[in-house]
Trainee: 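One structure is given below, represented as structure tokens, and several questions about it will come after.
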Amino acid sequence: MGKKDLIEKMNEAFASCDLDFLVSNVTEDIKWDIVGEDKLSGLDEFREQLEKMKENGPMDITVNDIIIDDDRAVVEGIFQLKEPGKRRRFAFCDVYVFKKDKNKVRELRTYVTKMKRT
């Protein structure tokens, strides 16, 4: 699977809470910086954060752009949490860093902000 396909499938997995797919496509020493919130290190912390996200249930993700350059990919888009009676939308930008010579993510930086207007 190419890097673009992997990134698209990872975003689908985030949306559908497919933890198995996400965990199987990162390195054991994954680093995840949710900028301004948390800095996670290692597969166990990565999985724990995904479990917390899963509690909110599936979400709608619209990817506006994917840029790939050698060992990095940048994804920009909007996600909406599915909550009865509420419409919470967030803009996000994820920076993925791949392990050299492998299509596994070794680092992820997530920038997210709540949208005031829909």
Side-chain angles (χ1 to χ4, degrees):
M1 169 180 346
K3 289 178 182 167
K4 185 173 186 210
D5 289 336
L6 174 62
I7 294 301
E8 288 172 348
K9 289 188 184 304
M10 287 192 80
N11 276 275
E12 291 169 11
F14 272 112
S16 66
C17 302
D18 184 350
L19 278 54
D20 292 335
F21 182 85
L22 293 166
V23 167
S24 68
N25 285 284
V26 299
T27 61
E28 292 282 329
D29 61 345
I30 178 74
K31 294 195 182 336
W32 188 7
D33 184 2
I34 305 169
V35 178
E37 298 291 323
D38 286 315
K39 285 190 179 193
L40 309 166
S41 183
L43 205 50
D44 289 340
E45 288 185 13
F46 182 75
R47 187 186 314 266
E48 286 174 23
Q49 183 65 31
L50 294 174
E51 289 288 346
K52 289 179 191 174
M53 291 173 60
K54 189 175 181 178
E55 291 172 8
N56 291 324
M59 65 182 104
D60 291 323
I61 294 180
T62 302
V63 173
N64 297 330
D65 205 3
I66 297 174
I67 301 167
I68 298 175
D69 182 33
D70 193 29
D71 69 338
R72 296 176 190 273
V74 177
V75 179
E76 180 262 326
I78 295 172
F79 70 89
Q80 178 175 314
L81 297 177
K82 294 179 182 179
E83 296 179 19
K86 289 185 181 178
R87 184 175 180 168
R88 295 187 343 168
R89 294 177 45 163
F90 299 83
F92 74 91
C93 181
D94 287 328
V95 179
Y96 293 84
V97 180
F98 298 98
K99 182 174 178 153
K100 295 281 185 205
D101 304 322
K102 289 196 176 181
N103 280 355
K104 283 204 169 198
V105 176
R106 67 177 174 87
E107 186 178 325
L108 175 58
R109 282 189 310 279
T110 299
Y111 301 84
V112 65
T113 187
K114 185 174 180 182
M115 296 177 68
K116 293 180 182 177
R117 297 185 192 153
T118 58

Trainee: Take the angle between the ring planes of Phe14 and Trp32 and call it parallel below 30°, perpendicular above 60°, tilted in between.
Mentor: tilted

Trainee: What's the spacing between Asn103 CG and Lys4 NZ if we round to 0.5 Å?
Mentor: 14.5 Å

Trainee: Could you name each residue pair satisfying salt bridge (Lys or Arg N to Asp or Glu O under 4.0 Å) that touches residues 58-73, not counting sequence neighbours?
Mentor: Asp60-Lys82, Asp71-Lys100

Trainee: Begin with the C-alpha distance, continue with both residues' side-chain angles, and end with the deciding distance and a verdict on side-chain contact (heavy atoms from CB on, under 4.5 Å) for Asp38 and Gln49.
Mentor: CA-CA 9 Å; Asp38 286 315; Gln49 183 65 31; 3.8 Å; yes

Trainee: Does Met53 belong to the same Ile/Leu/Val/Met/Phe/Trp/Tyr cluster as Leu19, with side-chain heavy atoms less than 4.5 Å apart forming each link?
Mentor: yes

Trainee: So if you build clusters from Ile, Leu, Val, Met, Phe, Trp, Tyr with side-chain heavy-atom gaps below 4.5 Å, do Met10 and Ile61 land together?
Mentor: yes

Trainee: Is it true that Arg47 and Glu45 make a salt bridge, defined as a side-chain N closer than 4.0 Å to a carboxylate O?
Mentor: no

Trainee: Any idea which heavy atoms bring Asn64 and Gly77 closest together, and the distance?
Mentor: ND2-CA, 3.7 Å

Trainee: Look up atom CG in Asn11 and atom CE in Met59, then write down how far apart they are to the nearest 0.5 Å.
Mentor: 9.5 Å

Trainee: Count I, L, V, M, F, W, Y as connected when their side-chain heavy atoms are under 4.5 Å apart, and connections chain through other members. Are Phe21 and Val23 then in the same cluster?
Mentor: yes

Trainee: To the closest 0.5 Å, what do you measure between NZ (Lys99) and NZ (Lys104)?
Mentor: 8.5 Å

Trainee: Where do Glu107 and Val105 come nearest, in terms of heavy atoms and distance?
Mentor: O-CG1, 3.3 Å

Trainee: Would Met115 and Ile78 count as a side-chain contact (heavy atoms from CB on, under 4.5 Å) here? Give the steps.
Mentor: CA-CA 9 Å; Met115 296 177 68; Ile78 295 172; 3.9 Å; yes

Trainee: Calculate, to the nearest 0.5 Å, the distance between atoms NZ and CZ belonging to Lys114 and Arg88 respectively.
Mentor: 6.0 Å

Trainee: Any Lys/Arg nitrogen of Glu48 or Lys52 sitting under 4.0 Å from an Asp/Glu carboxylate oxygen of the other?
Mentor: no

Trainee: What's the verdict on side-chain contact (heavy atoms from CB on, under 4.5 Å) for Val75 and Ile7, showing C-alpha distance, side-chain angles and the deciding distance?
Mentor: CA-CA 8 Å; Val75 179; Ile7 294 301; 3.2 Å; yes

Trainee: Can Val63 be reached from Val95 by stepping across I, L, V, M, F, W or Y side chains whose heavy atoms are under 4.5 Å apart?
Mentor: no

Trainee: Do any pairs count as a side chain to side chain donor-acceptor pair (under 3.5 Å) and have a residue in residues 14-27, sequence neighbours left out, and if so which ones?
Mentor: Thr27-Asp29

Trainee: Honestly curious: do Tyr96 and Val112 fall in one hydrophobic cluster under the side-chain, below-4.5 Å linking rule?
Mentor: yes

Trainee: Distance from Ile67 atom CD1 to Glu76 atom CD, nearest 0.5 Å?
Mentor: 8.5 Å

Trainee: Can you find a heavy atom in the side chain of Tyr111 that is under 4.5 Å from one in the side chain of Phe92?
Mentor: no

Trainee: Roughly how far, to the nearest 0.5 Å, is CG of Leu40 from CZ of Phe46?
Mentor: 9.0 Å

Trainee: Working note: Ile66 + Glu8, criterion side-chain contact (heavy atoms from CB on, under 4.5 Å); need CA distance, chi angles, decisive distance, verdict.
Mentor: CA-CA 9 Å; Ile66 297 174; Glu8 288 172 348; 3.7 Å; yes

Trainee: Are Lys3 and Phe98 in a cation-pi contact, defined as NZ or CZ under 6.0 Å from the six-membered ring centre and within 45° of the axis?
Mentor: yes

Trainee: Leu108 versus Val97: any side-chain heavy-atom pair under 4.5 Å?
Mentor: no

